[in-house]
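The structure under discussion appears below in the form of structure tokens.
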Amino acid sequence: MIRVLLADDEAMVRAGVRAILDSGGEAEVVAEAGDGHEAVELASAHRPDVALLDVRMPRLDGLAAAEEIVRTVPGTAVAILTTFSERTYVARALAGGATGFLLKSGDPYELLAGVRAVAGGAAFLSPKVARYVIEGLGGADGGGRLAREAEARARAEALSPREREVLGLVGAGLSNPEIAARLHLVEGTVKAYVSAVLDRLGVRNRVQAAIVAYEAGLVDRRRTVSSGAATRGGGRRWAAGPGR
């Protein structure tokens, strides 16, 4: 059973999310918080598998709470569940170590799939958020974008040829078993490669690694946006085994 901490300042929203999680039979809400500060305290006390946080909450917002939970409770995966899909929120959440970003307007299955994914060490983005991440990499910020791409290429070039190949497949959304099948490797070897890639790039998770892959030109953006590795609920996932 996946143990979930739920943080939202609206009691009715918490009740609805709890009902959805209960209906799936795979997760239980072990604690509820009405603000970000309380969420951090309860995460430390209960050590849940997943902390599911709203963005706009009193005392401490969900993005700051996410960063603190990632820092102080490393065994807890963090996912954002919010009405607000502003790109600045998405960017800050992913940079802060969150591995899920879900929208309250999504399908209930999306919530269940997202919690399951992040609890298993994977990453999950709602379809609209995934499109922001993918298409936003080619944004029109001119020199800033070019500088990011140059830096990403330099970081990718420091990898071995096989590691770059693995990074490109991570960027395309393939799971460890899918990468193993594509490269004719055993899954344990792929997991070792993925861990090495994350460490050498200095990134926290597969979402951040995928961003490097896109900016380094290792992924065909158009093909991945249109097809990609989609889950049943339409969300995009960068899947892994526990930890990586």
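All residue numbers in this chain count up from 1 along the given sequence.
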Could you state the interatomic distance from CG (L42) to OG1 (T76), rounded to the nearest 0.5 Å? 11.5 Å
Side chain proximity check, R206 to N176, heavy atoms < 4.5 angstrom: yes
Where the side chain of E38 meets the backbone of G34, is there a donor-acceptor pair that is under 3.5 Å apart? yes
Cluster link V70 to L5, ILVMFWY, side chain under 4.5 Å: no
Mind checking whether V50 and I2 have side chains closer than 4.5 Å, heavy atoms only? yes
Pairwise distance CZ(R164) to CZ(R153) - rounded to 0.5 angstrom: 13.5 Å
Between D8 and R56, is the salt bridge (Lys or Arg N to Asp or Glu O under 4.0 Å) condition met? List the steps. CA-CA 8 Å; D8 195 294; R56 297 185 180 178; over 6 Å; no
Taking atom CG of L198 and atom CG of L167, what is their separation to the nearest 0.5 Å? 9.0 Å
What are the two closest non-hydrogen atoms of V219 and G168, and how far apart are they? CG2-O, 3.5 Å
Out of curiosity, does I20 fall in the hydrophobic cluster containing V30 (side-chain heavy atoms, cut-off under 4.5 Å, transitive links)? no
Could you tell me whether the side chain of L183 reaches within less than 4.5 Å of the side chain of R162, counting heavy atoms only? yes
Please answer: with hydrophobic residues joined when any side-chain heavy atoms are less than 4.5 Å apart, are L169 and V212 in the same cluster? yes
In this structure, CE of M57 is separated from CD of E10 (nearest 0.5 Å) by 11.5 Å
Step by step, work out the side-chain contact (heavy atoms from CB on, under 4.5 Å) result for V170 and V197. CA-CA 10 Å; V170 168; V197 166; over 6 Å; no
Determine whether V40 and L60 make a side-chain contact, defined as any pair of heavy atoms from C-beta on separated by less than 4.5 Å. yes
Test your reading of the model: is there a side-chain donor-acceptor pair from Q208 to the backbone of L94, 3.5 Å cut-off? yes
Check: L63 and Y89 side chains under 4.5 Å, non-hydrogen atoms: yes
Side-chain heavy-atom pair L112, E26 within 4.5 angstrom cut-off: no
Salt-bridge test for R18 and E28: reply yes if a basic N is under 4.0 Å from a carboxylate O, no otherwise. no
If I compare all heavy atoms of R200 with all of S160, which pair ends up nearest, and what's the gap? NH1-N, 3.9 Å
Atom CE of M12: over 12 foreign heavy atoms under 6.0 Å: no
Hey, is the main chain of L103 close enough, under 3.5 Å, to the side chain of T82 for a donor-acceptor pair? no
Which pair of heavy atoms, one from A216 and one from A156, lies closest together, and at what distance? CB-CB, 4.0 Å
Sole candidate of L81, D49, L21 that passes side chain to side chain contact (heavy atoms under 4.5 Å, CB included) when paired with V115: L21
Tell me, with the steps shown, if R92 and E67 meet salt bridge (Lys or Arg N to Asp or Glu O under 4.0 Å). CA-CA 9 Å; R92 183 177 165 193; E67 293 172 357; 3.3 Å; yes
So how far is it from F124 CZ to L111 CG, rounded to the nearest 0.5 Å? 9.0 Å
Could you state whether V118 and L52 fall into the same hydrophobic cluster, counting links through intermediate Ile, Leu, Val, Met, Phe, Trp or Tyr residues with side-chain heavy atoms under 4.5 angstrom apart? yes
Is there a side-chain contact between T99 and V78 (heavy atoms, below 4.5 Å)? no
With the threshold set at 4.0 Å, does a side-chain nitrogen-carboxylate oxygen contact exist between D9 and R14? no
Shortest non-hydrogen contact between S44 and R47, atoms and distance: O-NE, 3.2 Å
Would you say T72's side chain and E68's backbone share a donor-acceptor pair under 3.5 angstrom? yes
Which atom names give the shortest non-hydrogen contact between R155 and V203, and what distance separates them? NH2-CG1, 3.6 Å
Spatial distance of atom CG (D61) from atom CG (L53) [nearest 0.5 Å]: 10.0 Å
Shortest non-hydrogen contact from F101 toward V129: CD2-CG2, 3.6 Å
Going by heavy atoms in the side chains, are D54 and K104 under 4.5 Å from each other? yes
